[in-house]
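Worksheet: the structure to be examined is printed underneath.
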Amino acid sequence: MATFTRKAIMQTFLHILKNKPLDRITVKDICEQCEINRNTFYYYFKDIYDVTPSFASSIFEDEVRLVMDEAKEGVTFHDAYARVAALILNNREAIMHIYASENGRVLRTYLDAVVTQV
């Protein structure tokens, strides 16, 4: 149940983030759409900005892991690149809202770490 709730919070965050800048999202927004109370949100996250790294790692790490596993199975670089590009394009608004926020350094630091790993 805990994993389900945490994922639901992050999915709701992504949904809101596609339409609203990070600096304008509130815990209340997430709680209302996710149909949870504030205490449940704070059980998993300290604040909105604590969701950002979890969101980034959830989206990017899972996808990078899949691409790397597929690369071992003979998937071409072009196919792997196209898949990652599609992920970025599908979440463009959310990524840009994080990047442009006051806390955008979290995303930039995370992306730097991912790029240096690959």
Side-chain angles (χ1 to χ4, degrees):
M1 186 69 163
T3 304
F4 174 79
T5 304
R6 184 176 174 85
K7 285 184 179 180
I9 291 169
M10 287 191 296
Q11 288 291 7
T12 301
F13 176 72
L14 172 62
H15 176 73
I16 296 170
L17 192 57
K18 287 184 176 181
N19 301 305
K20 194 175 197 181
L22 176 62
D23 298 330
R24 295 195 50 211
I25 297 174
T26 65
V27 171
K28 182 179 178 182
D29 294 335
I30 292 175
C31 291
E32 286 177 356
Q33 284 197 25
C34 204
E35 297 181 356
I36 59 171
N37 65 43
R38 293 177 71 84
N39 289 336
T40 301
F41 176 88
Y42 288 116
Y43 177 79
Y44 295 100
F45 302 100
K46 292 185 298 189
D47 55 24
I48 291 296
Y49 297 107
D50 191 32
V51 181
T52 306
S54 298
F55 160 76
S57 65
S58 173
I59 286 184
F60 293 113
E61 283 181 10
D62 291 347
E63 194 65 25
V64 167
R65 190 176 308 113
L66 286 172
V67 168
M68 297 303 281
D69 289 345
E70 289 176 354
K72 293 175 188 173
E73 297 173 8
V75 172
T76 67
F77 173 79
H78 180 269
D79 291 339
Y81 187 83
R83 184 177 181 149
V84 172
L87 171 75
I88 292 169
L89 289 174
N90 289 338
N91 294 290
R92 181 183 186 279
E93 297 88 0
I95 291 168
M96 292 306 294
H97 280 143
I98 292 173
Y99 193 82
S101 75
E102 288 182 23
N103 205 30
R105 64 176 167 64
V106 172
L107 180 61
R108 290 187 291 277
T109 301
Y110 179 77
L111 291 175
D112 288 343
V114 169
V115 168
T116 57
Q117 280 182 357
V118 177

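This one's a predicted model, so the numbers in the text were calculated from it and none came from an experiment. What you see below is based on every heavy atom in this structure, not just the backbone, and it leaves out hydrogens, waters and symmetry mates.
For the pair N90 and K18, the tightest heavy-atom approach, listed with the atom from each and the gap, is O-NZ, 3.5 Å. The minimum heavy-atom distance between Y44 and R6, with the atom names listed, is O-NH1, 3.5 Å.
N39 pairs by the side-chain contact (heavy atoms from CB on, under 4.5 Å) definition with N37, not counting sequence neighbours. With sequence neighbours excluded, the residues forming a side-chain contact (heavy atoms from CB on, under 4.5 Å) with D29 are I16, K20, I25, T26, listed by chain and number. Every side-chain contact (heavy atoms from CB on, under 4.5 Å) that R38 has, sequence neighbours left out, goes to V27, K28, C31, Y42.
Of the inter-residue distances, the one linking Y43 atom OH with I9 atom CD1 reads 11.0 Å to the nearest 0.5 angstrom. Atom SG of C34 sits about 10.5 Å away from atom CE of M10, to the nearest 0.5 Å. Once rounded to the nearest 0.5 Å, the distance linking CG of L14 with CG of N19 reads 9.5 Å. Considering CG of L22 and NE2 of H97, their distance stands at 9.5 Å, rounded to 0.5 Å.
Put simply, the side chain of Y49 reaches to within 4.5 Å of the side chain of D23, judged on heavy atoms. Within the 4.5 Å cutoff, no side-chain heavy atoms of F41 are placed close to those of K46. Annotation: side chain of N91 is not in contact with side chain of L17 (no heavy-atom distance under 4.5 Å).
The environment of CD in E93 is crowded: more than 12 heavy-atom neighbours from other residues, nucleotides or ligands sit within 6.0 Å.
Not a single donor-acceptor pair under 3.5 Å links the side chain of T40 to the backbone N or O of I36.
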